[in-house]
Protein chains: 2
Amino acid sequence: MLTHDQIWQAIDRLATTFGYSPSGLAKQAGLDPTSFNKSKRIGPDGKPRWPSTESVSRVLSATGANMSDFVSMVEDIDVQQRHSTTLIPVIGFAQAGTHGFFDEQGYPQGGSWDEVQFPEVSTSEKNNIYALKINGDSMEPLYRQGDVLVVSPNSKIRKADRIVLKTTNGEVMVKELVRQNATHIEIKSLNPDHENRKISMNDVAWTARVLWVSQ
Amino acid sequence: MLTHDQIWQAIDRLATTFGYSPSGLAKQAGLDPTSFNKSKRIGPDGKPRWPSTESVSRVLSATGANMSDFVSMVEDIDVQQRHSTTLIPVIGFAQAGTHGFFDEQGYPQGGSWDEVQFPEVSTSEKNNIYALKINGDSMEPLYRQGDVLVVSPNSKIRKADRIVLKTTNGEVMVKELVRQNATHIEIKSLNPDHENRKISMNDVAWTARVLWVSQ
DNA sequence: GATATTTTATGATTTTTTTCCTATTTACTT
DNA sequence: AAGTAAATAGGAAAAAAATCATAAAATATC
């Protein structure tokens with residue numbers, strides 16, 4: 001749905017966001033400065049006037065905004081939140097064996113599928129994630145040569161999370177968080193042969209959470 | 001950014017998605033059925049013709065779609081044209097311990113970082129991926145309760161890939177591909193205690209590749 | 001406080017979009 | 001294969017959006 005009010009509100013908010021007045025934005029976009037006047041939003045006989053998509057396009061070019069930004073102005077939703085998230089069908093693995101969830105080719109079938117966001121990365125995480133590429137076999141079987149870990153440095157880490165930890169003396173490791181309190185952090189090696197390790201928080205430079213792993 | 005091509009392709013895709021032809025969609029939206037004709041998208045003198053936002057609004061009402069849906073059509077085109085999604089910084093894990101790659105808070109620092117796409121999913125895969133949520137602990141330590149596997153049914157599978165396999169008698173399993181030829185497929189259990197299994201291709205309903213795992 | 005600049009308002013004109021009309025092609029049904 | 005409906009093409013007319021021209025109000029500058 002897209003209402004007349006919404007589209008003009010979006011233009012107004014876009015102008016404000018980028019530090020323009022409505023007429024200033026129009027000018028910047030190469031349009032007539034009066035195009036966005038309040039008096040031009042309703043026709044002489046009271047009929048609502050809708051801008052052309054070309055005007056919208058020019059306004060976006062002028063501000064450097066994209067359509068998602070524009071829509072966030074329309075729908076009043078945080079810009080960052082709806083950036084490149086995709087909903088994909090999901091079911092529990094236990095259900096996958098039961099009849100009716102897949103077609104002949106292995107594609108999802110029927111209406112019983114749920115939906116999840118992929119990638120499921122929150123607003124705050126979105127701008128700061130990075131990736132680590134695994135070399136060697138020291139972290140097998142969990143991580144193998146060539147796997148890519150997507151890591152978020154400002155995520156809160158919780159028990160059982162896979163984390164990247166850097167100590168103050170420069171050691172970087174990927175571990176599983178066992179427990180954490182104000183003074184110490186206890187971590188488990190991904191390789192089950194090794195024993196748990198307890199590190200003083202004073203010796204921890206930073207931690208980050210592993211969000212996704214490519215296979 | 002919003003280009004002339006994008007807006008018309010978005011209208012086309014919206015029509016297709018909701019089972020209309022371009023003219024059928026126009027009719028449904030209360031517009032003239034010829035409004036979206038290819039011949040109406042460029043003016044007599046070769047100038048591009050941009051639809052009004054009112055037309056866009058009416059099309060959305062007719063389909064029940066919202067602006068986000070419309071934009072996803074726009075940006076999908078964007079993806080196809082630019083072949084890039086979200087680039088995030090990446091380095092090899094071995095380098096992570098050396099000096100100069102991170103700031104105090106654990107954020108990437110310096111110019112030596114590479115870049116990778118996240119999620120690294122091709123255009124063709126993008127529309128067909130789905131997710132499986134792990135219940136129980138039968139696949140530990142690799143997959144744990146609550147983990148989400150992102151799966152692509154039309155990916156070519158290669159040696160060492162983690163795959164989802166369904167047999168003709170309905171069994172669904174996640175395994176590692178050991179080798180595959182015209183007649184047989186050999187798979188390794190994620191749990192190292194189990195022995196490899198060799199299945200006749202006649203007994204394989206379909207296979208899919210595991211692309212990503214949330215942690 | 002006077003002056004310049006920006007912003008907004010309003011009507012006439014130009015340009016563009018939409019509709020209307022008819023012809024042709026394509027797809028579907030019997 | 002014939003008949004019908006839907007989809008597309010292209011031009012002319014109608015409707016609407018964008019521009020132009022001018023003026024008043026608000027804001028900024030000196």
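A, B, ... follow the sequence lines: proteins, then strands. Residue 1 opens every chain.
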Nearest heavy-atom contact between B:N66 and B:D69 is OD1-N, 2.8 Å
Would you say a side-chain N or O of B:S23 is under 4.0 Å from OP1 or OP2 of D:dT8? yes
Closest heavy-atom pair, A:P33 versus A:K27, reported as atoms and distance to 0.1 Å, is CB-CD, 4.1 Å
Assert: residue with more 5' nearest nucleotide on DNA chain C, out of B:K47 and B:L31, is B:K47
* May I ask you to evaluate whether A:S55 reaches the phosphate of D:dA18, defined as a side-chain N or O under 4.0 Å from OP1 or OP2? => yes
Separation of D:dA17 atom P from A:F36 atom CZ, nearest Å, is 13 Å
Between CG of A:D12 and C1' of C:dT7 the distance, given in whole Å, is 13 Å
To the nearest angstrom, the CD-P distance between B:E54 and C:dT16 comes to 19 Å
Notebook entry, point to check: Side chains of B:D5 and B:T3: do they bring a donor and an acceptor to under 3.5 Å?
Noted result: no
* **Note: A:R41-A:D12 ion pair, threshold 4.0 Å (strictly below)** => yes
Between CG of B:L25 and P of D:dA7 the distance, given in whole Å, is 11 Å
*Please determine if a side-chain N or O atom of B:S21 lies less than 4.0 Å away from the OP1 or OP2 oxygen of D:dA7.*
yes
B:K40 has its side chain closest, among C:dT8, D:dA9, D:dG11, to D:dG11
A:N37 atom CG is separated from D:dC20 atom P, nearest whole Å, by 15 Å
Contact between A:L177 and A:R158 at the side-chain level, heavy atoms closer than 4.5 Å - yes or no? no
Assign each of A:R49 and B:P22 the nucleotide of DNA chain D bearing its closest heavy atom; nearer the 5' end lies the nucleotide of B:P22
Whole-Å distance, A:K27 NZ to C:dT5 C1', equals 8 Å
Of C:dT19, D:dC20, D:dA7, the nucleotide closest to the side chain of A:D32 is D:dC20
Among C:dC21, C:dT18, C:dT10, the one nearest any side-chain atom of B:T34 is C:dC21
Between B:S52 and B:K38, whichever has its closest DNA chain D nucleotide further toward 5' is B:K38
At less than 4.0 Å, is any side-chain N or O atom of A:S35 found next to OP1 or OP2 of D:dA18? Yes or no.
no
